[in-house]
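One structure below.
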Amino acid sequence: MNTLIDLAPKSVEYMIKDNIVMIDIRRAEEWETTGVIRNAHKLTFFDAYGNHDILTWMKEFEKLVTSKDQTFVLICAHANRTRVVGEFLIQQYGYKNVAHLKGGMALWLQEGREVVFD
């Protein structure tokens, strides 16, 4: 059985250089407030009320992650949403190399790691 991989910020920082697909699932106001990790794709999963549109989201997601075996990293504020989404992608869609940023953007920022604003 595949399991969600917790990646420390330092590990994710190395993966940026390797062009691993990173998907920030937070909302626009969160990106604007804290910035995003360089090269991360912005693809909101839950709205402010916790609602989601899985079919629309998967359509965009599958443009970025083109194989069930491809490694990718999910990013959110505290790693709660990414845990839910990551487990969902493993159990319901059969993705095999699903990772998420341990501690989310909160830990990333606490460690003083680089963010970009656009």
Side-chain angles (χ1 to χ4, degrees):
M1 176 107 190
N2 293 311
T3 58
L4 183 66
I5 302 163
D6 290 324
L7 289 176
K10 186 173 191 163
S11 297
V12 172
E13 198 167 54
Y14 286 119
M15 296 175 97
I16 294 169
K17 298 169 188 155
D18 294 334
N19 292 318
I20 301 295
V21 173
M22 299 194 193
I23 302 170
D24 191 325
I25 67 168
R26 298 176 299 150
R27 296 180 309 277
E29 64 270 15
E30 294 175 287
W31 301 324
E32 292 164 7
T33 302
T34 63
V36 297
I37 296 172
R38 182 176 303 284
N39 297 333
H41 300 274
K42 298 185 271 188
L43 187 58
T44 299
F45 192 89
F46 295 106
D47 68 13
Y49 304 103
N51 300 314
H52 61 278
D53 177 351
I54 191 65
L55 296 178
T56 301
W57 192 85
M58 285 302 297
K59 185 176 178 182
E60 294 303 312
F61 172 81
E62 289 169 346
K63 292 177 185 175
L64 302 170
V65 179
T66 58
S67 159
K68 303 256 184 192
D69 296 319
Q70 182 179 345
T71 300
F72 62 93
V73 180
L74 298 170
I75 301 161
C76 72
H78 299 282
N80 296 320
R81 287 173 279 182
T82 53
R83 183 167 304 286
V84 170
V85 173
E87 292 293 346
F88 176 77
L89 291 170
I90 292 167
Q91 293 170 11
Q92 299 299 315
Y93 285 87
Y95 285 90
K96 296 178 177 28
N97 296 303
V98 185
H100 75 134
L101 175 59
K102 182 179 177 182
M105 285 301 290
L107 183 57
W108 184 271
L109 293 167
Q110 182 181 331
E111 292 185 3
R113 301 194 182 276
E114 180 189 23
V115 295
V116 294
F117 292 86
D118 51 22

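Between the Trp108 side chain and the Ala77 main chain, no donor and acceptor come within less than 3.5 Å of each other. Although no hydrogens or angles enter the test, the distance criterion places a donor-acceptor pair under 3.5 Å between the side chain of Lys68 and the main chain of Tyr93. Remark: side-chain polar atoms of Asp47 are paired, donor with acceptor, to backbone N or O of Tyr49 under 3.5 angstrom. Side-chain atoms of Thr44 never come within 3.5 Å of backbone atoms of Ile25 as a donor-acceptor pair (strictly under, hydrogens ignored). Without hydrogens or angle criteria, Asn97 side chain to Asp69 main chain gives a donor-acceptor distance under 3.5 Å.
No chain of hydrophobic side-chain contacts below 4.5 Å, direct or via other Ile, Leu, Val, Met, Phe, Trp or Tyr residues, connects Val73 to Ile90. The hydrophobic cluster containing Leu7 also contains Met22, counting ILVMFWY residues as joined when their side-chain heavy atoms lie under 4.5 angstrom apart, directly or transitively. Ile37 and Leu107 are assigned to two separate hydrophobic clusters, defined by single-linkage of ILVMFWY side chains at heavy-atom distances under 4.5 Å. The hydrophobic clustering, which links ILVMFWY residues whose side-chain heavy atoms are closer than 4.5 Å, places Leu4 and Leu64 together. Hydrophobic clustering keeps Leu101 apart from Phe72 (ILVMFWY residues linked when any side-chain heavy atoms are closer than 4.5 Å, directly or through intermediates).
Note: Asp24 CG to Thr82 OG1 = 9.5 Å, rounded to the nearest 0.5 Å. In this structure, the separation between CG on Leu89 and CZ on Phe45 is 7.0 Å, given to the nearest 0.5 Å. Taken to the nearest 0.5 Å, the CZ atom of Arg26 stands 13.0 Å off from the CG atom of Leu43. Once rounded to the nearest 0.5 Å, the distance linking CG of Leu74 with CZ of Arg83 reads 11.0 Å. Interatomic distance, CD1 of Ile5 versus OG1 of Thr3, reported as 6.5 Å (0.5 Å rounding). Within the model, atoms OG1 of Thr34 and CD of Glu29 stand 10.5 Å from one another, a figure rounded to the nearest 0.5 Å.
Between Lys63 and Glu60 there is a salt bridge, since at least one side-chain N of the basic residue sits less than 4.0 Å from a carboxylate O of the acidic one.
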For this session: For Glu114 and Ile16, run side chain to side chain contact (heavy atoms under 4.5 Å, CB included): C-alpha distance rounded to whole Å, both residues' side-chain angles, the deciding distance at 0.1 Å, then the answer.
Result: CA-CA 11 Å; Glu114 180 189 23; Ile16 294 169; over 6 Å; no

For this session: Determine, stepwise, if the pair Leu109 / Val115 fulfils side chain to side chain contact (heavy atoms under 4.5 Å, CB included).
Result: CA-CA 8 Å; Leu109 293 167; Val115 295; 3.7 Å; yes

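Judged by distance alone, the side chains of Asp6 and His100 do bring a donor and an acceptor atom under 3.5 Å apart.
In this structure, Ile75 and Ala40 approach most closely via the heavy-atom pair CD1-CB, 4.2 Å. Across all their heavy atoms, Val21 and His41 have their closest contact at CG1-CD2, 4.1 Å. The shortest heavy-atom contact between Ala79 and Gly103 is CB-N, 3.7 Å.
Using cut-offs of 30° and 60° for the angle between ring planes, the Phe61 and Tyr95 rings count as perpendicular.
Listed by chain and number, the residues in a salt bridge (charged side-chain N to carboxylate O under 4.0 Å, His left out) with Arg81 are Glu30 (sequence neighbours excluded). In this structure Lys17 satisfies the side-chain contact (heavy atoms from CB on, under 4.5 Å) test together with Tyr14, sequence neighbours excluded. The salt bridge (charged side-chain N to carboxylate O under 4.0 Å, His left out) test applied to Glu32 returns no partner, not counting sequence neighbours.
Remark: Lys102 NZ is loosely packed, at most 12 non-hydrogen atoms of other residues, nucleotides or ligands lying under 6.0 Å away.
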